Structure formats: C-alpha cells, structure tokens
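Below you'll find the structure, written out as structure tokens, and then a few comments.
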Amino acid sequence: MNRATTTAKRKRQTRSAYSVIVLVGIIYAALALLRLIRFDLSAFDAGIFDNVLWRLGNGYNDVTAITGSHHFSDHMSLLILLAVPLYAVVPGLGLPVLIIAQAASVALVGVAVWLLADHLGLDEERRRAALMVTLIGAGAYNAALIDIHEVGLALGPLALTAVLAIREQSIRSYWIWPVLAAAARIDIAVSVLIVGLLVRGEHPRHGRIAIMVGAITATAFGLWLVLNPWEGTSFSFHFAHLGIDSVAELPGAALADPAAALRPLLDPTMWGTIVIWLAGFMLLPPLRAARWLLPALPTLIIPVLGSWQQADKPHLHYWHVLLPMLAIATAVGLARSPELKNRAFYLAVAAVAVTWILMPLFKPSFSNDIGDERATVAYLQGRPAASVAAFRTLVPHITTRPVVMQLPTPFACPTMPIAAFVGPDAPPELVAFPGAVLDRPVSAADEAVVTALNNWYEPVAVFGRMQVWELTAQVPAAAYSITCGANPSANS
C-alpha cells in the first residue's frame with residue numbers, strides 16, 4: 001500500500017471516529033437533558049449550581065439556602081462563572097446549557113485520545129480500542145449524565161492540555177485548553193501543573209505554559225480560600241475524621257495526625273472502585289504508562305483520603321477525573337504493547353462490558369409519571385419572588401429565585417450532611433411536599449416537616465401526590481434556625 005493510499009485510509013478512519021464521537025456526545029447530552037426533564041436531577045448538585053449562578057447573575061451573592069452557606073467557600077470555580085451572563089439574560093437556559101457543555105466536555109476526551117493514538121502511530125485496531133474504552137464505557141456515560149459539576153466541565157480541556165502538548169499544537173491555539181481546565185477549581189489547576197511537569201522534558205514550550213497556568217490559577221484559588229475563611233459545605237464531612245472545614249486546613253491536619261489522615265486507605269470499597277476504573281481501560285495498558293495517572297491525584301484526594309463512604313462509589317464525580325488521564329495512559333500503554341495488536345479490540349469490548357456490569361448508572365426514569373411534578377413546578381414558577389422549600393427532585397426546576405431550599409431544611413437537619421447550616425433569615429413562604437409523606441412520615445426529618453406544615457401553613461394547591469402549602473402564621477425562630485453537623489440526627 002503506497003503512502004497516498006495509507007494517508008487516505010487514515011483520513012477516512014479519522015472522519016469515521018469523529019462521527020462516532022459527535023454521535024455519542026449527542027446521545028449523552030440528550031439522555032442528560034432527559035434526566036432533567038423527567039425530574040431525575042436533585043438539589044445536589046444541579047440545584048445548587050443553578051441557584052448560585054442565578055443569584056450571581058441577578059445581583060445577589062453566592063450564599064444559597066440549599067446549603068445555607070457560601071457556595072464558593074470550597075467550590076470556587078472561575079469556569080462555572082462563565083455562565084453568569086447567561087443566567088442574567090436567559091436564566092431558563094442556564095442548566096440545559098451546562099448539561100450540554102458537560103456532555104461536550106466528555107466527547108472532547110474522545111477527540112483527545114484519538115489525536116494521541118494517531119500521533120503515536122497506533123494501528124486501526126488499537127486506536128479503536130482506545131476510543132472505545134474512553135467514550136463507550138460506563139465511566140464516560142456517568143461523567144456526562146451526572147447532575148452537573150465543574151470537574152465534568154473540565155475533563156475535555158484537561159485531556160487536550162496533555163495531548164495537544166504532546167502533538168506540539170501551535171502555541172497560539174494551545175493555551176486556551178490549560179486555561180479552561182485550570183479555571184475549573186483548585187485541584188484541577190494543580191492537575192494542569194502536573195501535566196506541564198510531565199510534558200516539559202520533550203515539549204518545553206507547552207510544558208512551561210501548562211505549569212505557569214496551573215501554578216498561577218492554583219495560587220489564586222489558594223489565596224481565595226485563605227482570605228475568605230467561610231464555613232465549608234463539603235470538606236467538613238469528607239474529612240470529618242480530621243475535624244476540618246476547608247481544603248486549606250487539610251495539610252496541617254494530616255501532618256498533625258497522619259494515622260487518622262491515612263485511615264480511609266483501609267476502605268475496601270474505595271480500592272474496589274479503583275479496580276473497576278482500571279479494568280474499564282483494559283487494566284494492563286494504563287499501568288504501563290502509569291505516570292499519566294499522576295494528574296488525577298489532586299482530585300482523588302477527596303474520595304481516597306476522605307471518610308465519607310458515599311464518595312467511594314465509582315459512578316460519582318469524585319472519580320471522573322480518571323476518565324481523561326486513564327484514556328491518555330491507555331493510548332500510551334497500547335503503543336508500548338505490540339503484543340496486543342490483534343487482541344486490543346476484544347479486550348476493549350470486555351473492558352467496556354465490565355464497567356456497564358459493575359458500575360452504577362445515572363439514567364432517565366422513563367417509567368415514572370411526572371405529571372404531578374410538572375403541575376407543581378408550573379404553580380411555583382408562577383410565584384417567582386416567593387421563597388420555597390421543596391422535595392429534592394423539584395429543586396432544580398425552581399431555582400431561579402432568591403431563596404430555594406431542599407426539604408427537610410429549614411425544619412430539620414438534611415438527610416445529606418451539610419456543615420454549619422444555620423437556617424434562612426425567614427421561613428419559606430411556600431412548601432412543596434409529597435402528600436403521602438404527610439400521611440405516613442417515615443423519618444424524624446419527615447415528622448419535623450409535617451409538624452411545621454400543620455402548625456404554620458395551610459394547603460393552597462394539590463396536584464395528585466404533590467401538595468403546596470403556604471405560610472399563614474408567625475414561625476418561632478427556634479423552629480427553623482438549626483445547626484447541622486457532619487452527622488445530623490435532630491434539631492439543635
């Protein structure tokens with residue numbers, strides 16, 4: 001086969017690969033939007049981001065009543081702030097646009113791994129195998145369909161930061177990718193710095209740019225954390241075993257009590273998650289290029305060294321940073337594994353099957369009747385100025401208002417632990433709650449909500465199983481001003 005024929009064949013393969021990447025990205029975006037439409041998203045994290053961005057776009061600060069604290073106290077993200085102008089002009093499009101952007105970010109990881117495989121000169125079978133495990137596995141699926149998170153938005157830019165440096169992309173068009181990735185949050189900024197360190201030996205100009213961008217952005221985030229010592233909304237329960245409230249306190253606490261800091265390493269669930277992710281990328285190839293996993297470490301500190309066991313589940317966003325780094329390590333590892341040339345595709349099929357079998361999945365719940373929820377949301381949207389406390393799946397649909405809460409807040413500690421929740425300035429004017437729970441409360445939190453409704457509210461609308469109650473009486477401050485610790489159990 002002559003050179004012209006080979007070049008033409010590779011171009012056809014590339015067009016075919018890009019068509020698959022675009023198709024998968026569209027499918028992921030459509031399924032993610034269906035999750036929103038069918039009330040499968042909740043206050044955490046979609047409702048939080050939506051409410052915070054709406055507040056910032058409409059002249060308020062970043063304190064959301066969903067958590068009762070400054071959202072950017074430990075979730076500062078310059079990348080997510082790019083959506084503020086959209087929320088100021090067309091707030092209803094904000095969350096759908098972020099969901100589509102997250103799916104596009106996942107698809108960009110596929111673009112990056114194909115570019116890298118082509119640069120490394122992999123044969124067609126190994127290139128397809130690398131793309132398959134990257135884009136078709138349950139890891140990519142979950143990264144695209146999870147509620148919304150700044151880490152998900154950074155996956156594509158982080159992958160391209162590494163791959164375009166290896167390919168020696170024009171500096172003029174290269175710098176935007178490390179800037180976008182590093183702007184996501186402090187741990188991703190450190191990841192960009194590590195990528196720069198990995199590539200600077202063979203690609204010094206690109207490496208210097210990544211190092212500079214990562215270092216400057218991480219330093220800026222660090223100064224923000226130090227100069228704004230607000231209450232933490234997540235670190236206090238991720239690292240409850242160390243008794244800290246912010247990422248700035250983590251190094252000191254770890255040095256003060258190394259045994260306590262390392263205790264979560266004994267958790268078998270966490271190690272099982274690592275094995276599932278490695279198996280999803282054919283296990284051996286990424287281990288042959290394990291240095292490319294180093295940029296994932298700053299984000300993995302939370303699930304690996306944190307004590308909140310929920311974060312150990314492999315489908316959650318705490319692990320999604322592995323997607324771009326395992327994809328890159330797999331492509332490089334396949335280039336070092338000529339013995340897999342004729343087996344790579346079959347190994348990739350097996351690896352993808354493993355992830356779909358062993359990893360929990362986010363998916364639209366097509367079997368649910370959502371008519372009652374739609375009617376309730378329509379009613380609440382007709383009262384845009386009212387403060388609302390609502391059932392968790394309603395929250396992302398009513399966040400374009402100053403105050404929205406997820407029940408049982410503010411009448412009891414939330415079922416999901418939140419640090420230092422001190423309650424809103426006033427009780428919510430409207431409460432939207434399933435009627436069945438009113439008849440048969442199943443928890444102390446339900447009991448607290450039912451008591452509050454019976455004492456100070458009256459029903460104003462009923463939509464099937466959903467009821468809307470309106471405030472009619474003065475609520476004593478002690479009834480809703482509560483403080484919730486890492487493991488809340490009752491009102492304080």
Side-chain angles (χ1 to χ4, degrees), residues 72 74-85 98 101-102 104-113 115-116 119 143 149-228 247-248 250-251 289 291-302 317 320-329 331-332:
F72 290 136
D74 59 1
H75 280 77
M76 182 57 187
S77 173
L78 297 174
L79 181 62
I80 207 79
L81 289 177
L82 294 177
V84 169
L98 289 175
Q102 186 166 262
S105 178
V106 171
L108 282 176
V109 179
V111 173
V113 77
L115 289 172
L116 179 59
H119 176 76
H149 204 274
E150 61 262 41
V151 171
L153 295 171
L155 298 179
L158 181 59
L160 289 169
T161 295
V163 170
L164 295 182
I166 295 171
R167 288 174 59 93
E168 295 193 334
Q169 178 82 10
S170 165
I171 294 295
R172 182 176 298 179
S173 59
Y174 171 73
W175 65 269
I176 186 62
W177 300 110
V179 167
L180 286 174
R185 65 183 203 177
I186 187 170
D187 50 322
I188 301 297
V190 177
S191 298
V192 170
L193 189 154
I194 296 172
V195 166
L197 293 173
L198 290 175
V199 302
R200 70 171 183 170
E202 298 180 11
H203 316 282
R205 294 178 65 200
H206 296 78
R208 283 195 297 269
I209 289 175
I211 291 170
M212 179 182 67
V213 169
I216 291 174
T217 312
T219 301
F221 280 136
L223 288 174
W224 170 268
L225 293 172
V226 171
L227 297 176
N228 297 278
V247 64
L250 180 57
R291 73 188 190 113
W292 283 106
L293 303 182
L294 294 176
L297 293 182
T299 301
L300 294 184
I301 286 174
I302 295 175
H317 67 79
H320 292 169
V321 71
L322 282 172
L323 178 67
M325 304 327 301
L326 276 170
I328 292 170
V332 175

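All figures in this text were calculated on a predicted structure; none of them were measured in a lab.
Listed here is the closest heavy atom pair of Ala331 and Leu116: CB-CD2, 3.7 Å. Residue Glu150 comes nearest to Ser77 through the heavy atom pair CB-OG, 3.7 Å, listed as atom of the first residue, atom of the second, then distance. For Met76 against Leu78, the heavy-atom pair with the smallest separation is CE-CD2, 3.8 Å. Closest non-hydrogen pair, Val195 versus Pro295, comes out as CG2-CG, 3.7 Å. When every heavy atom of Leu158 is checked against every heavy atom of Pro324, the shortest pair comes out as CD2-CG, 4.2 Å.
Checked against ring-ring contact (aromatic ring centres under 6.0 Å, His included), His206 has the following partners two or more places apart in sequence or in another chain: Tyr174. By the side-chain contact (heavy atoms from CB on, under 4.5 Å) test, Ile301 is found to be paired with Phe239, Leu250, Leu305, residues two or more places apart in sequence or in another chain being considered. Residues satisfying the side-chain hydrogen bond (donor to acceptor under 3.5 Å, both in side chains) test with Ser173, not counting sequence neighbours, are Gln169.
One finds the CZ atom of Phe72 at 7.5 Å from the CD1 atom of Ile80 (value rounded to the nearest 0.5 Å). Between the CD1 atom in Ile171 and the CH2 atom in Trp175 there is a gap of 12.0 Å [rounded to 0.5 Å]. Taking CE of Met212 as the start and OG1 of Thr217 as the end, the distance is 9.0 Å to the nearest 0.5 Å. Atom-to-atom distance recorded for Thr161:OG1 and Ile328:CD1 is 8.5 Å, nearest 0.5 angstrom. Here the CG-CZ distance, from Leu293 to Arg291, works out to 11.0 Å after rounding to the nearest 0.5 Å. For the atom pair Ile216 CD1 and Phe221 CZ, the distance stands at 12.5 Å (nearest 0.5 Å).
Residue pairs meeting the side chain to side chain donor-acceptor pair (under 3.5 Å) criterion with at least one partner in residues 186-195, sequence neighbours excluded, are Arg185-Asp187, Asp187-Thr299.
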Result block: side-chain N/O donor-acceptor pairs under 3.5 angstrom for residues 104-113, not counting sequence neighbours:
from	atom 1	to	atom 2	distance (Å)
Ser105	OG	Gly152	O	2.9
Ser105	OG	Leu153	O	3.2
Ser105	OG	Leu155	N	3.3
Ser105	OG	Gly156	N	2.9

Only pairs under 3.5 Å count here: list side-chain donor-acceptor contacts from residues 197-205, not counting sequence neighbours, and write none if there are none.
from	atom 1	to	atom 2	distance (Å)
His203	ND1	Ala165	O	3.4
His203	ND1	Glu168	OE2	3.2

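Side-chain contact check for Val163 versus Arg167: some heavy-atom pair is nearer than 4.5 Å.
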